[in-house]
> 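One structure follows; several queries about it will come next.
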Amino acid sequence: MLSDMLATSLPIVAPELIMAVGAMLLLMYGVFAGERSAQTVTGLSVALIIIAGLWLVLVTPLGVAFGGSFILDPFAVFMKVLVLIGAAAAVVMSVGFAESERFNRFEFPVLIVLSTTGMMMMVSAGDMIGLYLGLELQSLAIYVLAAINRDSVRSTEAGLKYFVLGALSSGMLLYGASLIYGFTGQIEFHAIAASVALGERSLGIIVGLVFVLAGLAFKISAVPFHMWTPDVYEGAPTPITAFMAGAPKVAAMALLTRFTVQGFGPLTVDWQQVLVFISIASMVFGAFAAIGQRNIKRLMAYSSISHMGYALVGLSAGTAEGVRGVLLYMAIYLAMTLGSFAVILAMRRKDGMVEDIDDLAGLSKTNPAMALFLTILMLSLAGLPPLAGFFAKYFVFMAAVEAGLYALAVIGVLASVVGLYYYLRIVKVMWFDDASEDFVPMATELRVVLGVSALFIFPVYLLVGGPIFAAAEAAARTFF
């Protein structure tokens, strides 16, 4: 019986095994070779992530592993591909930073690989145990990454703050999971949905659901569980901030989607109310709080809070169209975020890194290509047509309208108008302010990430949006 389960399960979890075993081998190599191995480990980490992604798409069969704890379906494949793209890009973007800032530590790419393995488990979690194991594997690695620069007080403070608040959110999530198990007698999402559909609407289940949602909202930095985001974004080394802003948000949103739609479909009305509140609070707070920011990393933190609110608009609909909107939104958000952080990593002068928005003054005169690409990304983040960010918001807002959530869609549009102010301010600083001191030449890997991201936003998305839409549609139909 056990051998049969392993024979059917191991091929399904092969990408995660490739990542986990590869991380262990890279760690051993780094330990024995010493600090001079950092560049080699970085390159091998990127290769490992690419191999896992190709194996996932080309070889791995769809199915259920380990008695329902691990699910690989079209939804999981779609989101895992995004996670792997985000992780690989974050490692690649760290190369120049590591050389110039004396950040050559082989532990950095290894921890990203381990964290990515946890994210892949999160996306495929089919029960409460898989949910928690994936979540903690991802989180523990990021706690260390945030504080990895031991010589920096800001980095140490960021790691400690993230760890303390993360432990609190994990406790809330575990308490909610124990309540759900106590009142349903089930841990698998499918079994929980069946139990809830047959039984009465118990107050204990609702309380447990709210606690788990609170724990997951922390991971996507949604209001009111966003407190860590600005300080950790600002304090952590910039390559780690770029990583945290991308792949972990995708994985957490995927887990939140599977947990609510698959595990609590019969209680859509209950979790819908919670998500509508969190969505509105995130969109409005993120939009207004970002207005007064002068540090671009803090501005991106508040921007990410509002964007998670926009993604939750689609999930709040509780429909296949809403889930499709979430998938498209996260794909486009990932591209916009990676490109923006490529520019932030390139904000370097001879005396070191700079992070103020005013340091971008006159960028159009000193580096027109960078200014043009960043303008495309900022306008896309604002949601202006015909850029990809417009289509991302369009699909989630339309899903909300079709579900009858008119007020939610209207508030989302108004919050987008407010957000347009601080994105346009960056554009104004680049194109109309007097030029300040030049940045050092942009590293090749940052040029590649910035160029690919910006060109994907416009015009490539207009050309390939159809296949991406079809893939998101097929992934969303997994739950309906």
Side-chain angles (χ1 to χ4, degrees), residues 19 22 26 30 35-54 81-113 115-116 145 148-149 233 236-248 250 296-297 300 331 333-350 352-355 359-360 363 366-378 438-457 460:
M19 294 285 285
L26 289 176
E35 291 298 330
R36 66 180 183 277
S37 65
Q39 192 168 0
T40 303
V41 173
T42 299
L44 291 175
S45 298
V46 175
L48 182 66
I49 294 171
I50 293 173
I51 291 170
L54 293 175
V81 169
L82 295 184
V83 166
L84 291 169
I85 290 172
V91 177
V92 168
M93 288 194 295
S94 71
V95 174
F97 183 91
E99 293 176 356
S100 59
E101 298 291 318
R102 298 178 182 176
F103 193 67
N104 285 312
R105 295 179 180 170
F106 70 87
E107 298 97 332
F108 170 69
V110 174
L111 285 167
I112 284 190
V113 171
S115 180
T116 306
L145 284 171
I148 197 169
N149 189 1
Y233 269 46
T238 306
I240 293 165
T241 306
F243 174 63
M244 293 170 62
V250 174
I296 194 165
K297 287 167 70 176
M300 290 301 296
Y333 166 80
L334 180 66
M336 296 186 295
T337 300
L338 292 174
S340 299
F341 273 97
V343 173
I344 295 172
L345 280 162
M347 292 174 62
R348 177 190 308 281
R349 297 201 171 110
K350 294 177 182 178
M353 296 284 294
V354 292
E355 297 177 358
D359 291 314
L360 292 167
L363 186 64
T366 59
N367 194 330
M370 186 193 298
L372 175 62
F373 285 151
L374 184 57
T375 299
I376 292 173
L377 293 168
M378 290 296 108
D438 292 359
F439 297 135
V440 298
M442 196 175 191
T444 302
E445 63 274 7
L446 297 179
R447 291 181 184 178
V448 171
V449 173
L450 174 60
V452 170
S453 299
L455 292 175
F456 172 79
I457 296 303
V460 173

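Side chains included, hydrogens not; waters and symmetry mates left out as well; all remaining heavy atoms used.
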> Which is it for Ile344 and Thr241 under the side chain to side chain contact (heavy atoms under 4.5 Å, CB included) test, yes or no, and what are the steps along the way?
CA-CA 10 Å; Ile344 295 172; Thr241 306; over 6 Å; no
> Measuring from atom CD1 of Ile376 to atom CG of Leu372, what distance do you get when rounded to the nearest 0.5 angstrom?
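Those atoms lie 4.5 Å apart.
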> Between Leu338 and Met93, is a side chain to side chain contact (heavy atoms under 4.5 Å, CB included) present by the stated rule, with each step listed?
CA-CA 9 Å; Leu338 292 174; Met93 288 194 295; 4.0 Å; yes
> Mind checking what makes ring pair (Phe, Tyr, Trp, His ring centres under 6.0 Å) contact with Phe106, not counting sequence neighbours?
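None.
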> Could you state the interatomic distance from NZ (Lys297) to OG (Ser340), rounded to the nearest 0.5 Å?
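The distance works out to 14.0 Å.
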> Can you measure from CD1 (Ile49) to CD1 (Ile85) and round to the nearest 0.5 angstrom?
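Going from the CD1 atom of Ile49 to the CD1 atom of Ile85 covers 11.5 Å.
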> Atom OG1 in Thr238, atom CD in Glu355: separation rounded to 0.5 Å?
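Answer rounded to 0.5 Å: 5.0 Å.
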> Examine distances only and state if a side-chain atom of Thr337 and a backbone atom of Leu334 form a donor-acceptor pair shorter than 3.5 Å.
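Side chain of Thr337 to backbone of Leu334: no pair is present.
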> Measure the spacing between CE of Met347 and CD1 of Ile296 and express it to the nearest 0.5 Å.
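If I round to the nearest 0.5 Å, the distance is 5.0 Å.
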> Can you name the side chain to side chain donor-acceptor pair (under 3.5 Å) partners of Arg105, sequence neighbours left out?
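In terms of side chain to side chain donor-acceptor pair (under 3.5 Å), with neighbours along the sequence ignored, Arg105 is linked to no residue.
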> List in chain and number order the residues that pass ring pair (Phe, Tyr, Trp, His ring centres under 6.0 Å) with Tyr333, two or more places apart in sequence or in another chain; answer none if no residue qualifies.
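Per chain and number, Tyr333 pairs via ring pair (Phe, Tyr, Trp, His ring centres under 6.0 Å) with His307.
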> Can you list everything that forms a ring pair (Phe, Tyr, Trp, His ring centres under 6.0 Å) with Phe373? Sequence neighbours excluded, please.
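Phe373 satisfies ring pair (Phe, Tyr, Trp, His ring centres under 6.0 Å) with no residue once adjacent residues are dropped.
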> Determine, stepwise, if the pair Ser94 / Phe243 fulfils side chain to side chain contact (heavy atoms under 4.5 Å, CB included).
CA-CA 10 Å; Ser94 71; Phe243 174 63; over 6 Å; no
> Please report the interatomic distance CD1(Ile240) to CG(Leu111), rounded to the nearest 0.5 Å.
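With rounding to 0.5 Å, CD1 (Ile240) is 8.5 Å from CG (Leu111).
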> Using the test side chain to side chain donor-acceptor pair (under 3.5 Å), find all partners of Arg349 that sit at least two apart in sequence or belong to another chain.
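Only Asp359, Ser436 meet the side chain to side chain donor-acceptor pair (under 3.5 Å) criterion with Arg349.
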> Could you tabulate the donor-acceptor pairs under 3.5 Å formed by side-chain atoms of residues 438-452, not counting sequence neighbours?
{"residue": "Glu445", "atom": "OE2", "partner": "Gly96", "partner atom": "N", "Å": "2.8"}
{"residue": "Arg447", "atom": "NE", "partner": "Met442", "partner atom": "O", "Å": "3.1"}

> If we only count heavy atoms from C-beta on, is the Met244 to Leu145 side-chain gap below 4.5 Å?
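Heavy-atom side-chain distance check fails, nothing below 4.5 Å.
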